[in-house]
Amino acid sequence: SQTIHQWPATLVQPVGSPLSLECTVEGTSNPNLYWYRQAAGRGLQLLFYSVGIGQISSEVPQNLSASRPQDRQFILSSKKLLLSDSGFYLCAWSVPSGQKETQYFGPGTRLLVL
Amino acid sequence: GEDVEQSLFLSVREGDSSVINCTYTDSSSTYLYWYKQEPGAGLQLLTYIFSNMDMKQDQRLTVLLNKKDKHLSLRIADTQTGDSAIYFCAERKSGGYQKVTFGTGTKLQVIP
């Protein structure tokens, strides 16, 4: 069966520090991968998606970047965190299958920037 | 989530039915989803419905789709305290990259 892991689960970082959040998927090959941010009391905002190694699409201009160094690894990064980067970050994967494609989510990383 | 709207909060008594509503704006949406998020956790897919269907039932869950009004609802029968969570509606649009747009979520509180 497929599983998705995210770490760390919780992170407290000072403003201006770098960030690296990791997401890995097991049990599937060549998944589509996604990073979402959920601000407190708000819905999900798609940040990045990837259809393959080294292929990253950004949905919104921001202080963050993403990379996919391996097929089942998706990394969210920042060189200098802002207060507004605080939130709950969710990674998701899906099997490319056209219109029926369904996304499955990881447990999330809660980031607090102080 | 600006294209998918949900009420923010719903409170029901244990044993009653819960109905969570969602409206979307893209008539070309192909699949519509309901996800559940428990406190501090990721999103769990509950069910989905294809746009050519009117209804889908899965145990205590019933999804109703009104394409004319672009209205989607999730009914939970015999609501339990374990159903307390945030419920997200999401739509998958057709054409090009099939982006999934999520609503803001409805927080369901079940009162014992």
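A, B, ... follow the sequence lines: proteins, then strands. Residue 1 opens every chain.
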Note to self: Need one label for B:Leu43: side chain, backbone, both or neither, based on atoms under 4.5 Å from any heavy atom in chain A.
What the structure shows: both
Next item on the list: Determine the sole option in A:Gln73, A:His5, A:Gln6 for which the side chain to side chain donor-acceptor pair (under 3.5 Å) test with A:Glu22 is passed.
Entry: A:Gln73
Notebook entry, point to check: Take atom NZ in B:Lys107; do more than 12 heavy atoms of anything else shown fall under 6.0 Å from it?
Noted result: no
Checklist line | B:Tyr48 six-ring face occupied by B:Lys56 cation (under 6.0 Å, within 45°) | finding: yes
Item checked: residues 107-114 of chain A: residues contacting chain B (heavy atom under 4.5 Å, by number) -> A:Pro107, A:Arg110
Next item on the list: Could you tell me whether A:Arg37 and A:Asp85 have a side-chain N and a carboxylate O separated by less than 4.0 Å?
Entry: yes
Margin query: Would you call the rings of B:Phe102 and B:Phe88 parallel, tilted or perpendicular, taking 30° and 60° as the class edges?
Written below: perpendicular
Item checked: Plane angle bin for B:Phe50 and B:Tyr31 - parallel if under 30°, tilted between 30 and 60°, otherwise perpendicular -> tilted
Item checked: Heavy-atom pairs under 4.5 Å with chain A, option from B:Gln44, B:Gln37, B:Gln6 with the top count -> B:Gln37
Next item on the list: Return yes if some donor-acceptor pair links the side-chain N/O of B:Gln109 with the main-chain N/O of B:Ala85 below 3.5 Å, else return no.
Entry: no
